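Just so you know, these numbers use all the heavy atoms, side chains as well, and skip hydrogens, waters and symmetry mates. Nothing here was measured: the structure is a model prediction, and the numbers come from that model.
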Amino acid sequence: LATGPRQNNSVFYEIRTYDIKPSKMKDFVEMISKYFHLRTAHSELVGLWSAELGAMNKVVHVWKYDNFAHRTAVRHALANDNDWQEKFISSALPLIEKQHNEVAYMVPWCELGKPPKEGGLYEWVTFRMKPGGPALWGEAFQAAINTHISAGYSKLIGIFHTEYGLLNTVHVIWWNESPDHRAAGRHSAHEDARVVAAVRDSVRFLDSQENMLLIPLPHSPLK
């Protein structure tokens, strides 16, 4: 199956999702606040969030790597970092119910963005597209995203297309000032003929869609 256009460099992003035991979420967040600097010393953290709506007791973090050799070197260094292993890993693992990771590329027509200010919330939208990759649905999906951007209802942060994990998955990150700001934008989008037309064309290639509202955690570069 064709994957369509891909970015020209080897940079990729690892998306790690942890389901935390409900009674241990507070403890896990406190450990992140205290020890996560040990992890970020090894490689670049893009964002670190906890789910507020759409999921519960879930932590999502995104890491940037230059290539697969870079990730291998980082993982080796972490395994041999006694501070990281003893202060965080040994205590954190009993708090985690499940771990999941994906490798994804930034779509070639998107650059990682930043919010206009700190203090907002992030919406993480996951699209399961029909098999065939961007060669099949890329143009329609891009048109739908660009229409939302031009309408200005939310601020786009990034778009990731999976390479490992469940394929034909696209994760889109939006920033909003608040849940009410996001709700108002959604209502306006539903009445915007430009958005409706673009979505109607793109949804032909969509199998399913889900979203989460995320709150930045300590050490997240995206606040």
Side-chain angles (χ1 to χ4, degrees), residues 13 15-20 22 25-26 28-29 32 45-64 100 102 104 106-107 109-129 137-138 140-162 166 169-223:
Y13 300 83
I15 301 167
R16 299 178 71 92
T17 304
Y18 295 170
D19 290 333
I20 310 301
M25 187 65 182
K26 182 175 181 292
F28 190 81
V29 171
I32 285 176
L45 176 65
V46 174
L48 173 65
W49 304 271
S50 65
E52 178 71 9
L53 296 173
M56 298 182 69
N57 305 302
K58 190 180 293 290
V59 172
V60 180
H61 38 132
V62 179
W63 300 89
K64 182 179 179 180
H100 175 72
E102 297 170 288
M106 187 78 68
V107 297
W109 43 270
C110 175
E111 294 183 357
L112 191 65
K114 293 183 178 181
K117 60 181 181 181
E118 293 186 5
L121 297 172
Y122 293 80
E123 183 179 11
W124 183 288
V125 188
T126 298
F127 299 90
R128 314 290 187 193
M129 308 302 292
W137 43 258
F141 188 85
Q142 181 178 355
I145 293 294
N146 285 340
T147 302
H148 279 85
I149 294 172
S150 63
Y153 300 127
S154 296
K155 165 68 175 176
L156 179 66
I157 301 299
I159 306 174
F160 305 91
H161 177 219
T162 57
L166 187 60
T169 299
V170 182
H171 300 290
V172 183
I173 308 175
W174 300 93
W175 179 90
N176 290 278
E177 291 185 12
S178 68
D180 287 322
H181 178 263
R182 185 263 181 191
R186 291 288 291 172
H187 287 305
S188 297
H190 290 161
E191 298 174 356
D192 189 323
R194 300 168 300 169
V195 175
V196 172
V199 170
R200 182 180 293 121
D201 186 47
S202 177
V203 78
R204 296 179 292 129
F205 306 105
L206 181 66
D207 275 341
S208 67
Q209 178 180 343
E210 59 182 322
N211 69 344
M212 298 183 291
L213 198 64
L214 305 177
I215 298 176
L217 289 177
H219 296 287
S220 179
L222 290 172
K223 300 291 186 184

Hey, does [Y] have a side-chain heavy atom less than 4.5 Å from the side chain of [X]?
| X | Y | value |
| --- | --- | --- |
| Ser50 | Met25 | yes |
| Asp19 | His100 | no |
| Val60 | Tyr122 | no |
| Lys58 | Tyr18 | no |

* Between the main-chain N or O of Val199 and the side-chain N or O of Ser202, is there a donor-acceptor pair closer than 3.5 Å? -> no
At their closest point, which heavy atom of [X] faces which heavy atom of [Y], and how far apart are they?
| X | Y | result |
| --- | --- | --- |
| Leu222 | Gly113 | CD2-O, 3.9 Å |
| Leu45 | Pro221 | O-CG, 2.9 Å |
| Ile32 | Pro218 | CG2-O, 3.6 Å |
| Ala143 | Ala198 | O-CB, 4.1 Å |
| Ala51 | Leu214 | CA-CD2, 3.7 Å |
| Phe141 | Met129 | CD1-CE, 4.0 Å |

* **Lys114, Lys117, Arg182 screened by side chain to side chain contact (heavy atoms under 4.5 Å, CB included) with Trp175, the one that passes** => Lys117
* Structure fact -> Between Phe127 and the options Asp207, Asn211, Val172, Thr169, the side chain to side chain contact (heavy atoms under 4.5 Å, CB included) test singles out Val172
Distance in Å, [X] [atom1] paired with [Y] [atom2], rounded so as to fall on 0.5 Å steps:
| X | Y | atom1 | atom2 | result |
| --- | --- | --- | --- | --- |
| Ile15 | His61 | CD1 | NE2 | 11.0 Å |
| Leu166 | Arg128 | CG | CZ | 5.0 Å |
| Leu213 | Ser178 | CG | OG | 9.5 Å |
| Trp124 | Met212 | CH2 | CE | 6.5 Å |
| His171 | Thr162 | NE2 | OG1 | 6.5 Å |
| Leu121 | Leu53 | CG | CG | 8.5 Å |

* So Trp137 and His161, would you call those rings parallel, tilted or perpendicular, with 30° and 60° as cut-offs? -> perpendicular
* Report the relative orientation of the aromatic rings in Trp174 and His148; use parallel for angles under 30°, tilted for 30 to 60°, perpendicular for over 60°. => tilted
* Lys223, NZ: over 12 other non-hydrogen atoms inside 6.0 angstrom -> yes
* Could you check His190 against Arg186 for side chain to side chain contact (heavy atoms under 4.5 Å, CB included), going step by step and ending with a plain yes or no? => CA-CA 6 Å; His190 290 161; Arg186 291 288 291 172; 3.7 Å; yes
